Amino acid sequence: MIVFFFLMIALVVVVAAVTLAVVGGGSEAVLPEAEPDRVADGLPENRPVVREDIDALRLPVAPRGYRMAEVDDVLERLAAELAERDARIAQLTAPADAPGRVDLSKGGER
């Protein structure tokens, strides 16, 4: 019987403490406003993205956010594809007499 009264008193104290914590803030917020979780990517806006930009990109981590290994794999693939694209563009825009130049007018034969 005494244990029952002790548990009831403890329950009342806990409920009262939670109520005071929630209501006791008055006009002030109990918790500060949370900062929005945004990527501070640092990707350049005045030039094309290059592989080094992707390598330096870090996404924010959240407790129930993304799986880091999967996102890192995607970023690595994106960086490789950008590097391959840039190499191909450089090859196609090289002067006609440059070694390794592909002549598209002849069906891509060298």
Side-chain angles (χ1 to χ4, degrees):
M1 187 77 164
I2 293 180
V3 173
F4 176 74
F5 286 120
F6 177 74
L7 290 175
M8 288 302 292
I9 291 172
L11 179 65
V12 169
V13 168
V14 168
V15 169
V18 169
T19 303
L20 287 174
V22 171
V23 177
S27 62
E28 298 177 20
V30 176
L31 296 175
E33 289 294 321
E35 293 285 327
D37 193 18
R38 297 236 174 13
V39 177
D41 56 21
L43 292 177
E45 295 182 18
N46 57 351
R47 63 175 173 78
V49 175
V50 294
R51 181 177 179 117
E52 290 77 23
D53 297 327
I54 301 298
D55 288 340
L57 180 65
R58 296 294 172 256
L59 301 173
V61 179
R64 294 185 55 111
Y66 64 89
R67 294 182 182 177
M68 290 190 298
E70 292 177 11
V71 173
D72 290 343
D73 289 344
V74 170
L75 291 175
E76 286 177 20
R77 178 180 172 195
L78 176 60
E81 287 184 14
L82 284 172
E84 183 180 328
R85 178 207 63 187
D86 291 344
R88 180 74 174 148
I89 290 171
Q91 180 185 30
L92 293 172
T93 58
D97 58 348
R101 164 94 170 138
V102 176
D103 187 1
L104 296 177
S105 64
K106 297 181 181 178
E109 298 176 8
R110 293 183 183 194

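Since we're looking at a predicted model, the values are computed, not measured.
Atoms CZ and CG, on Phe6 and Leu11 in that order, are 11.5 Å from each other to the nearest 0.5 Å.
In terms of the side chain to side chain donor-acceptor pair (under 3.5 Å) criterion, Arg85 has no residue partners (sequence neighbours excluded). With sequence neighbours left out, Asp55 forms a salt bridge (charged side-chain N to carboxylate O under 4.0 Å, His left out) with Arg51. For Val12, there are no side chain to side chain contact (heavy atoms under 4.5 Å, CB included) partners, not counting sequence neighbours. Partners of Glu84 according to the side chain to side chain donor-acceptor pair (under 3.5 Å) rule, which considers only residues two or more places apart in sequence or in another chain, do not exist here. Applying the salt bridge (charged side-chain N to carboxylate O under 4.0 Å, His left out) rule to Glu76 yields no partners; only residues at least two apart in sequence or on another chain are considered.
Side-chain atoms of Asp86 never come within 3.5 Å of backbone atoms of Ala83 as a donor-acceptor pair (strictly under, hydrogens ignored).
Ile89 forms part of no hydrophobic cluster, judged by ILVMFWY side-chain heavy-atom separations under 4.5 Å.
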